[in-house]
Number of protein chains: 2
Amino acid sequence: MTNDLYKVLQDNYDRLRKSEKKVADFVMQTRSSVVQMRIVDLAAAAEVSEPTVLRFCRALGFDGFQDFKLTLAQNVATNNSYQQFRLDSRDSVEQFKEKIFDSTVGNLVRVKNDLDADNLERAIQVLAETQRVDCYGFGASAPICSDAQHKFFRLNMSATAYSDPHLQTMAAVTLQEGDVVIAISQTGRTRDLLHTTQLALQAGATVIALCPSHTPLAELAQIPLFIDLDGDKELGTLMSSRITQMVVIDVLAVGVTMKLGAETMAHLKTIKRSLRGLRTPLKRK
Amino acid sequence: MTNDLYKVLQDNYDRLRKSEKKVADFVMQTRSSVVQMRIVDLAAAAEVSEPTVLRFCRALGFDGFQDFKLTLAQNVATNNSYQQFRLDSRDSVEQFKEKIFDSTVGNLVRVKNDLDADNLERAIQVLAETQRVDCYGFGASAPICSDAQHKFFRLNMSATAYSDPHLQTMAAVTLQEGDVVIAISQTGRTRDLLHTTQLALQAGATVIALCPSHTPLAELAQIPLFIDLDGDKELGTLMSSRITQMVVIDVLAVGVTMKLGAETMAHLKTIKRSLRGLRTPLKRK
DNA sequence: AAGTAAAATGTAGATTGCTAACATTAGCAA
DNA sequence: TTGCTAATGTTAGCAATCTACATTTTACTT
């Protein structure tokens, strides 16, 4: 749903007439401020006549100019409203709460759009076929590994999280063909992680990496899942990458669940039932 | 930013005239479909005249009807586009990737709006003043505790994560006045967690709880931070609550950083430098 | 290469919806 | 009740969008 309009523009671009393309180009470049424009303004800016703008809207399947503008506004809202934030020491709690949530959301949306569905598919496939998943990660990525372990463990797989380089090394050499390693790193350049990943590869395991693209780890892994956050290394970037990693793990886990099908679902229910005993009962009214 | 308009409506409702309230009521009830309406339609639907609708828009601070509608459209887009999802076994990877990300975003937005700024402020205050933070949580919340530990540790605080009920119990009795416990639970009803929380309280510690409202844990804690996700206990709800908890931790950590000010920032830089040694160097072009 | 037909684009006017000015009504106090 | 003020509605003008038609461009045929 998110950049619907962008896609619609891309898909129909070839079908557009020459002067309609002018309009399309202008809209693509300018984006947000187009929502404030009247049809005359847009016509002038794109250097075409008003009816051409209208025909452009119709060609994309909209009712008219207003309809187009409304959709554009909604697109702009969903894409642009969650910007990277810059913390100001004078911010109120309310303000930086907003900023942090919004930038997290923005990063999620960005990664969602970038995430390669093919590699995701491949990752899910190998996970669905394996019995052993080891998760490697240090520092801020260590809790994500535990989380991943937790998720896959629920799916009746043998999942382990290693956040200690020695344990990782020892575990890596015991890996076999068909086993899967999920390597998680915010930088993609952690030396120890690269080392153990190499060991895992030598042992014949398949390595899925959650890390930024164009990093040593990304090159090493058979199945890289890129998590590239906005260029500037703001505080927000560091914070969001953990969260994004987690959501990617969610996607993987759900994918595996769906692939494994009904029997796993039943297993999940059993777990849910068995955990109930650890809680105080819900009050009945 | 998100449901700006909703807030604007709420805040200015009393200031509106009687017939303008009719319009406000109608907009509140109908919401999304108003974006398709012309001023005549809305006037007819709210059973007022067209200028009244216009005055209503102006009273809320908009330029005119179009301006109001544009904002409404953007609001509708940001609020409605990230719905709770229902997984379909025939979904493609691309499709359920979208669904999972979107529902996560939706939940984040929801929690952001619900999160009480006062309690947040209080939580930040006590965290800024303490030297010891213990994080308690089991199961899926355990990795969140580790994450929280990680975050606060970076801020030069003595932070520990306990995910073992025995360790928690032993740690709880050593707590002193001024110490802080962060209790994290998706259900708010985990028996062991309630037990150790009570011990912490008896020892004089301040308890911050991340959990749903109207749960035993929420009642127990001095500073509850509610994480209420949509009613239906879909798969998505369970997944998102961990992530939401993490973002709340982010907000707390940033808040503390800002409160502690410059010296902590310097400390953060030192950590960053010291970690650099663990990575392979960036290639220079 | 020139002419013709069809497609593409622009111009001008009609229509529709938005807004401003004014009129009327309702509410309230003296 | 009367007069005043605030609230709402009516009417009309204006501005924006859209339609119908004219002109230009493009491509294809001879």
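These numbers come from a predicted model, not from an experiment.
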Checklist entry - So what's C:dA30 paired with, Watson-Crick or G-U wobble, going by both distances under 3.5 Å? => result D:dT1

Checklist outcome for this item: With sequence neighbours left out, the residues meeting side-chain hydrogen bond (donor to acceptor under 3.5 Å, both in side chains) with A:Ser49 are A:Thr52

Take atom [atom1] of [X] and atom [atom2] of [N], then tell me their distance rounded to the nearest Å.
X	N	atom1	atom2	value
B:Met37	C:dC18	CE	C1'	17 Å
A:Arg38	C:dC18	CZ	P	15 Å
B:Phe65	D:dC14	CZ	P	22 Å
A:Arg15	C:dA7	CZ	P	18 Å
B:Asp67	D:dA16	CG	P	15 Å
A:Leu16	C:dA7	CG	C1'	15 Å
A:Lys69	D:dC18	NZ	P	10 Å
A:Gln66	D:dA15	CD	P	17 Å

Checklist entry - Has B:Arg58 got a side-chain N or O lying under 4.0 Å from the OP1 or OP2 atom of C:dA20? => result yes

Checklist entry - Would you say the side-chain atoms of B:Ser141 pair up with the backbone N or O of B:Ile144, donor to acceptor, closer than 3.5 Å? => result no

Item to check | Residues touching DNA chain D, which here means a heavy atom under 4.0 Å, drawn from residues 18-29 of chain B | outcome: B:Lys18, B:Ser19

Checklist entry - Does anything in residues 41-55 of chain A reach DNA chain D, meaning a heavy atom under 4.0 Å, and if so which residues? => result A:Glu50, A:Pro51, A:Leu54

Checklist entry - Under 6.0 Å between the ring centres of A:Phe56 and A:Phe65? => result no

Next on the checklist: Take a 6.0 Å sphere around CD of B:Glu94 and say whether it holds more than 12 heavy atoms from other residues, nucleotides or ligands.
Outcome noted: yes

Checklist entry - Take atom CD in A:Gln95; do more than 12 heavy atoms of anything else shown fall under 6.0 Å from it? => result yes

Item to check | Pair A:Glu121-A:Gln125, side chain to side chain donor-acceptor pair (under 3.5 Å): steps then yes or no | outcome: CA-CA 6 Å; A:Glu121 175 88 60; A:Gln125 189 60 45; over 6 Å; no

Checklist entry - Which residues satisfy the side-chain contact (heavy atoms from CB on, under 4.5 Å) test with B:Asp63, sequence neighbours excluded? => result B:Asp67

Next on the checklist: A:Gln66: which residues meet the side-chain contact (heavy atoms from CB on, under 4.5 Å) condition with it, sequence neighbours left out?
Outcome noted: A:Lys69, B:Gln66

Item to check | Options C:dA8, C:dC18, D:dA7, nucleotide nearest the side-chain atoms of A:Arg17 | outcome: C:dA8

Only pairs under 3.5 Å count here: list side-chain donor-acceptor contacts from residues 36-44 of chain A, not counting sequence neighbours, and write none if there are none.
| from | atom 1 | to | atom 2 | distance (Å) |
| --- | --- | --- | --- | --- |
| A:Arg38 | NE | A:Asp41 | OD2 | 3.0 |
| A:Arg38 | NH2 | A:Asp41 | OD1 | 2.9 |
| A:Asp41 | OD2 | A:Arg38 | N | 3.0 |

